[in-house]
2 protein chains.
Amino acid sequence: MVVVRNGALIFNEVPTGYPEPGKTTIFDDSRTIDLNNVPLNGSILVKVLMLSVDPYMRARMREPGAKTYAIPFTLGEPITGRSIGLVLRSEHEAFAPGDHITGPYSKFEEYTIPENPLLYNKIRREPGLEWPVYIGAAGMPGKSAYFAWKAYANAKKGETVFVTGGAGPVGTMVIQLAKSDGMKVIASAGSDEKVRECKDMGADVAFNYKTTSTEEMLEKEGPLNVYWDNVGGSVLDAALAATTPHARVISCGMIAEYNAPHEGTRLKNLWAIFGRSLHIHGFLVYDLSTPELEKEFYDVVPKKLASGEWKHREDITRGLENAGQAILDVQRGINFGKKVVVVSEE
Amino acid sequence: MVVVRNGALIFNEVPTGYPEPGKTTIFDDSRTIDLNNVPLNGSILVKVLMLSVDPYMRARMREPGAKTYAIPFTLGEPITGRSIGLVLRSEHEAFAPGDHITGPYSKFEEYTIPENPLLYNKIRREPGLEWPVYIGAAGMPGKSAYFAWKAYANAKKGETVFVTGGAGPVGTMVIQLAKSDGMKVIASAGSDEKVRECKDMGADVAFNYKTTSTEEMLEKEGPLNVYWDNVGGSVLDAALAATTPHARVISCGMIAEYNAPHEGTRLKNLWAIFGRSLHIHGFLVYDLSTPELEKEFYDVVPKKLASGEWKHREDITRGLENAGQAILDVQRGINFGKKVVVVSEE
């Protein structure tokens, strides 16, 4: 009998503003698990190694029934998110001890037994690429950028794209995809350090939106053939004003909206939608996923990342007990690179 | 020498709110023209029969240089718009006296000599269809509905569409196109008379947005697979909230925005763009025009209108001296059917 702690991050309270660690979520360190004898009922026992902390999690912190796009977390239960784990025991033919797996709805606990193991996929590392990268540039954020860029950017050499959240895990990939397609890239971010990151990723122009007017910068460096929107709000309005006729807007998320959903945003440039014949495409990454695209992604992207041709950055939080703070940091934009909670090194 | 009056509607002043006849525009009845001797310089002399009054004209009533999608009117000159005219004299090989022609930028004057006759096309009437219909359902508004519906609605039998401005010249065509495709049609309009019109055009559900909550109606009758937006503003926000995943929004115009452009609109449901993977397409009708589509339109639509299979309605103002009032009525939504100024019967 090997009884060990099985700490978990519990969804404790629906937040009204930013999610507060110790209030919105509570780390429960009183739970235990018997690794040798816990019944699996045909499933697998997984040691959780990496957990992803993402902006969209804020939308899941709500009362059941309130309308939004993401499945709500359950009060009193661990929150869930994308993970990488190590299979310790298996009663399922698809998995064997020693397999590494990734899945979208892992409980935030140190050891977990998935209800449906078929939501998980086995995953192998490219030599030279660490597991946290598979939560970031080689994982869901990388796929978000890659799939939607291929589907909707209609990129043409010499055109101009504006990317918000340019130093984030999606933004950095978009910058690199756009440069691969020969575009001029304008990127914005929320600190001078992040602005340098945008430039390191290849952005031709990068600016700190907290100290520089987005309107003025787009006036000077635009107009925009493509706008990749990670933030929504008034920045979307500024980008609409700066579009060319027939521009494409790719809507990946709106972090400016998540923590103040009842206020809304005043937009003055909606006329550009019809007046400039814009095409605005929203997406959720799993909607765009096809077996062919998944294969292409894993064939192309990890190699480019491992070789250094494409760059990536992770922002590591160690220990599940610190995940609540990591969630708040991501909502506030304090993270620098893809936020990954390293629950265990192996 | 046949000298006659050549009255014109002059753009006199940039309006701040609604365009006022006698202030924003002034009818100048002091101008004359010598029909036999006026020099044509290779062009044609046209007797103007019909002029179109459209919502988008408000966007043209501005200072040069202010940013928007439409070419501004010139202060002190006649405003311009789509027309049907009769050629009286011709020095251009493409036209002969007696031809009927239509063009997009006719001066609002009783007789006109186009700077570029090649912007005009010859036009023939379907037996049983009067000229004003060629300003409406068989003209630009009809093409707007037809071209964009074919391009972007991705209509599927049994799906639901919401059409605002349902009794207008574009809206009535959209209702009939959607019913042809087997969809459930929800339409809104601004008077009970217009609501009846929407139902006459085939709408399954129609309501007066001034007396009925759009949110509640869409909650009850939605969700929406397609939203055809003629108004923008808070109605767009309500429609976003009511969309299904992968819904299409076709943005044809935003009359709610035209007369108060600096206030903007507070939107609370922008999250639906990415959260429901929406596709929003704006358009200007001439962007979608191709020779094939133009031919298809004239092959299909006038016959359906002449036979009564599809319905149409025009709202006639007689005399160019009343065109300023017609413009205001359209901005206020007082017109019932396509507003046409009949300058002369022939």
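A note on names: the letters A, B, ... follow the listed sequences, proteins ahead of strands, and every chain is numbered from 1.
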Below 4.5 Å, heavy atoms only, C-beta onward: do [X] and [Y] meet side chain to side chain?
X: B:His279; Y: A:Tyr152; result: yes
X: A:Ile280; Y: B:Ile273; result: yes
X: A:Leu270; Y: B:Met254; result: yes
X: A:Leu267; Y: B:Leu267; result: yes
X: B:Asp287; Y: A:His246; result: yes

So how far is it from B:Asp229 CG to A:Phe274 CZ, rounded to the nearest 0.5 Å?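 Output value for this atom pair is 9.0 Å.
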For the atom pair OG (B:Ser251) and CH2 (A:Trp271), what is the distance rounded to the nearest 0.5 Å?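 Taking OG in B:Ser251 and CH2 in A:Trp271, the distance rounds to 11.5 Å.
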Decide if atom NZ of A:Lys220 counts as having more than 12 heavy atoms of other residues, nucleotides or ligands within a radius under 6.0 Å. no
Tell me whether B:Glu216 at atom CD has more than 12 heavy atoms from other residues, nucleotides or ligands lying less than 6.0 Å away. no
Partners of B:Lys143 by side chain to side chain donor-acceptor pair (under 3.5 Å), sequence neighbours excluded?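 Partners of B:Lys143 by the side chain to side chain donor-acceptor pair (under 3.5 Å) criterion, ordered by chain and then number, come out as B:Glu294, B:Tyr298.
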Can you list everything that forms a ring pair (Phe, Tyr, Trp, His ring centres under 6.0 Å) with A:Phe297? Sequence neighbours excluded, please.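 Ring pair (Phe, Tyr, Trp, His ring centres under 6.0 Å) check on A:Phe297 returns A:Tyr146.
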